[in-house]
Every structure is written in C-alpha cells, then in structure tokens.
Amino acid sequence: MITLTVDDRTIQAPAGNSVLSACLSAGIYIPHLCWLEGDTPADAPAACRLCFVEIDGLGEPLAACAVTVENGMTVHTATEAVRSLQKTALKLLLSVHRVECKPCPANRACQLQTIAAFLGTGLGCKPFERVLKEPEVDSRHPVLDYYPNRCVLCGICVRICRQQHPLSRLSFAGRGFDTVVGYFDADPVVAADCLSCRACLDACPTGALVQRTEGDG
Ligand code: FES
C-alpha cells in the first residue's frame with residue numbers, strides 16, 4: 001500500500017492506483033467525468049479535464065486520473081488554481097451541452113448537475129460560444145436514441161462497449177466540433193447483444209444515451 005497526504009489527511013491506496021481513484025476511495029470527492037472504476041493512470045483518457053489537483057513538487061496542476069500514487073505524495077484538491085481550471089473545464093463541457101434538464105432522463109442524476117453544484121457555478125455559466133449539433137436525436141441504433149447535444153464526449157459509453165463486447169458497436173465519429181458518438185451498423189447477432197446490454201446507458205453521465213421506448217421511432 002502507498003501512503004499519501006490529501007488535504008492534510010493521510011490516506012492509503014494500492015500501488016499503481018491513480019490519485020483520483022485513491023481520493024475517491026477515501027471519500028474525497030474530485031469532479032470527474034471520463035474516469036471509469038478500475039482505470040489505472042495508463043488507462044485514463046484524461047479527456048474531461050475536470051479532475052485537476054496540485055501535487056507538491058510537480059509544478060502545474062495535473063489531472064488526478066493520470067497520476068500514479070507515490071509514497072509521501074502531498075496532494076491538494078481545492079486550491080484556487082484547481083478550482084479555476086475545473087470551472088473552465090465545466091464551462092467548456094457546457095458549451096456543447098444543451099441545458100434542458102426537465103425533460104432529460106438524467107435529471108437529478110446528471111453528473112454535470114453534481115459537478116456544477118459542487119463547484120458552485122450552477123449550470124447557467126456559459127461564457128464560451130455554444131456549439132449545438134444537428135440532428136437533435138440520432139435513432140439509427142436498433143434500441144438506443146442518442147442525443148448529440150446532451151453528450152459531452154466523455155467516451156465512457158465507447159470504452160464500456162469495448163470492454164463488454166469484442167465486437168463493440170459504439171465509437172467516436174466525426175472530427176473537432178462535429179465529433180459525436182456513432183453507431184456502426186451491426187449484423188443481427190451483434191444487434192441482439194445490444195438488446196440485452198445496458199452498460200452504456202447505465203454509465204452515461206448526462207442522459208445522452210436513452211433506451212427507445214416501445215412505439216418510438
Ligand atoms: Fe480525469 Fe476526466 S476524470 S480528466
């Protein structure tokens with residue numbers, strides 16, 4: 001086990017774990033969206049840029065999901081620099097997210113709501129130009145509807161799909177501002193797999209993936 005100090009608390013974590021994983025396991029919340037339970041620093045895409053911390057001796061704030069715990073490490077999760085970067089990361093995520101919580105199935109369980117409340121910004125903070133996509137909904141998947149304007153491209157659904165199914169069907173498509181989660185047409189066997197697996201739905205932090213109810217589409 002590795003012993004480190006986080007915000008004046010001494011905690012322990014298995015060697016090889018990330019600072020984010022160690023903190024979350026010890027009940028110390030750090031905002032995060034793209035980290036999956038069990039991710040090591042080598043697995044972490046470090047895409048959402050929310051999980052910044054400062055670590056003594058390592059200079060600028062770093063993404064906690066991408067840093068391996070070390071004995072004697074001293075971590076600060078709530079400095080002014082950390083909070084400023086986290087708020088900027090949230091604003092960037094919100095610039096591609098349609099804030100329309102009431103009809104969204106993720107309302108009250110949405111990670112963006114949790115993070116905005118934690119940072120004290122609310123979801124109204126949008127200083128960056130909004131980049132909303134067309135179409136509003138993509139219904140090409142046999143059982144899922146995908147709402148591009150709720151998706152913050154954390155990549156959790158794509159990674160879970162790859163972990164669960166050797167012939168995974170979800171993947172990023174497009175480039176830059178046009179990037180979306182795409183569905184690549186499957187043969188009937190793979191499509192049947194999709195009928196029984198809810199892993200991506202359960203993991204989506206923003207309600208971008210929704211199971212189509214009977215009679216839809
Ligand atoms: Fe670390 Fe997304 S959880 S960058």
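Numbering of residues begins at 1 and proceeds along the displayed sequence. For ligands, and for the atoms within them, numbers begin at 1 and follow the listed sequence.
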*Please walk me through it: do His76 and Asp56 pass side-chain contact (heavy atoms from CB on, under 4.5 Å)?*
CA-CA 8 Å; His76 308 278; Asp56 285 358; 2.8 Å; yes
*Who passes salt bridge (Lys or Arg N to Asp or Glu O under 4.0 Å) against Asp7, sequence neighbours left out?*
none
_Contacts of atom 1 (Fe) of ligand 1 with protein N/O/S atoms, counting only those under 2.8 Å_ = Cys51 SG, Cys65 SG
*Could I get the full list of ring-ring contact (aromatic ring centres under 6.0 Å, His included) partners for Phe172, not counting sequence neighbours?*
none
*Verify the neighbour count for atom CG of Asp8: are there more than 12 heavy atoms of other residues, nucleotides or ligands below 6.0 Å?*
no
*How would you list, by chain and number, every residue that makes a salt bridge (Lys or Arg N to Asp or Glu O under 4.0 Å) with Glu136, sequence neighbours excluded?*
Arg98
*Parallel, tilted or perpendicular: which describes the rings of Trp35 and His32, with under 30° parallel and over 60° perpendicular?*
perpendicular
